[in-house]
There are 2 protein chains.
Amino acid sequence: MTDKDLTIQQVAGLTGLSVHTLRYYEKIGLMEPIRRAKNGHRSYHMDDMEWIRLIVRLRSTGMPIVEMQRFADMMRMGNAGISRRRALLEEHEQKLMLQAKELEDTLAVLRDKIAYYRAWESGEHSG
Amino acid sequence: MTDKDLTIQQVAGLTGLSVHTLRYYEKIGLMEPIRRAKNGHRSYHMDDMEWIRLIVRLRSTGMPIVEMQRFADMMRMGNAGISRRRALLEEHEQKLMLQAKELEDTLAVLRDKIAYYRAWESGEHSG
DNA sequence: GTACAACTTAGAGTGCACTCCAAGTCAATA
DNA sequence: TATTGACTTGGAGTGCACTCTAAGTTGTAC
């Protein structure tokens, strides 16, 4: 309705999700039903955007959809769900810290091998 | 044959892969055909282990199987494949650096929300 | 000798997260 | 008035990476 509302296409552009995925996430209850314009089209508001950006973050760092659904359910419980929401986020935090460690380890292995290959390549050159 | 050889079960235990997955990886050419004992059972050697640990690392940091297959093919090319192997690892390195950044950003968001929830919870307590 | 466990194979089945399709509605433009 | 394009829906299809099944073989323990 107002200037600030966004079409599904625009939200896709802003979030990196496809329009298919946006509809899919709504269908499976990962988002509250989005308000519709008079013609039936989805009309995304700023609060929707904030939530979408959060779940995009959670997804891209490996949280499975069922877990995000649980989180969404806890949002619907209002204040009653706050400590459970915190627990869920803390669990994800722990996983991310492990992930970060593994990532650093793998980066070290990669750099080692790259250096080795590079040395071999320049030896080949002069040999 | 020697004491150092390992059964598929042992390799599964050491690498975290299932025996199913180990056979699957061999079938799709992600590993060279593993030597067989007289009874036809797979007999893993130390060089196999090193390779398996590498591909486990690459998988767990998000490299798709087709890409690891390409890498395995380059291994079979011997020295001729070295610079292409380096290029592939450098590409993965770039992706991991982006991944690490996103992970840190998400950790920051998570900690922010956790702190917010925690504050709310203690307010609730005393209020 | 027979039960059992650990292995073998080809191929079928599963779970996840999308991704697409067909048919229809609506508003604007030629 | 007819076409275009962006949207709507329920439901089917896809791709990836396993994961499991069925049937068979082999070696050890009772």
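The sequence lines fix the lettering, A, B, ..., with proteins before strands; numbering per chain opens at 1. Model, not experiment: these values are computed from the prediction.
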Check every atom of [options] against the side chain of [X] and return the nucleotide holding the closest atom.
X	options	result
B/R59	C/dC20, D/dT9, D/dC18	D/dC18
B/I8	D/dC7, D/dA17, C/dC7	C/dC7
A/H20	D/dC7, C/dC20, C/dC18	C/dC20
B/T21	D/dG27, D/dT19, D/dC7	D/dT19

Looking at [N], I'd like to know if its phosphate oxygens (OP1 or OP2) sit under 4.0 Å from a side-chain N or O belonging to [X].
X	N	value
B/R42	C/dT8	yes
B/T7	C/dC7	yes
A/R23	D/dT9	no
A/R36	C/dT25	no
A/Y25	C/dA17	no

Rounded to the nearest Å, what distance is computed from the [atom1] atom of residue [X] to the [atom2] atom of nucleotide [N]?
X	N	atom1	atom2	result
B/M63	D/dA17	CE	C1'	16 Å
B/R35	C/dC7	CZ	P	18 Å
A/E26	D/dG10	CD	C1'	14 Å
A/H41	C/dG24	NE2	P	17 Å
A/Q69	C/dC16	CD	P	10 Å
A/Y24	C/dC21	OH	P	18 Å
B/E67	D/dA17	CD	P	10 Å
B/M68	D/dC18	CE	C1'	12 Å

Could you tell me whether the side chains of B/H41 and B/T7 share a donor-acceptor contact shorter than 3.5 Å?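 Judged by distance alone, the side chains do not pair up.
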Looking at every heavy atom in both A/S18 and A/A12, which two are closest together, and how far apart are they? C-CB, 4.2 Å
So, for A/Y25 and A/W51, is the gap between ring centers shorter than 6.0 Å? no
Starting from the 5' end of DNA chain D, give me the residue, A/Q10 or B/P64, whose nearest nucleotide shows up first.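 Looking at the nearest nucleotide for each, A/Q10 comes out on the 5' side.
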Distance (rounded to the nearest 0.5 Å) between A/R86 CZ and A/E93 CD: 11.0 Å
Is it true that atom CZ of A/R59 has more than 12 heavy atoms of other residues, nucleotides or ligands lying nearer than 6.0 Å? yes
Take B/K27 and B/Q9, find for each the nucleotide of DNA chain C with the closest heavy atom, and name the residue whose nucleotide sits nearer the 5' end. B/Q9
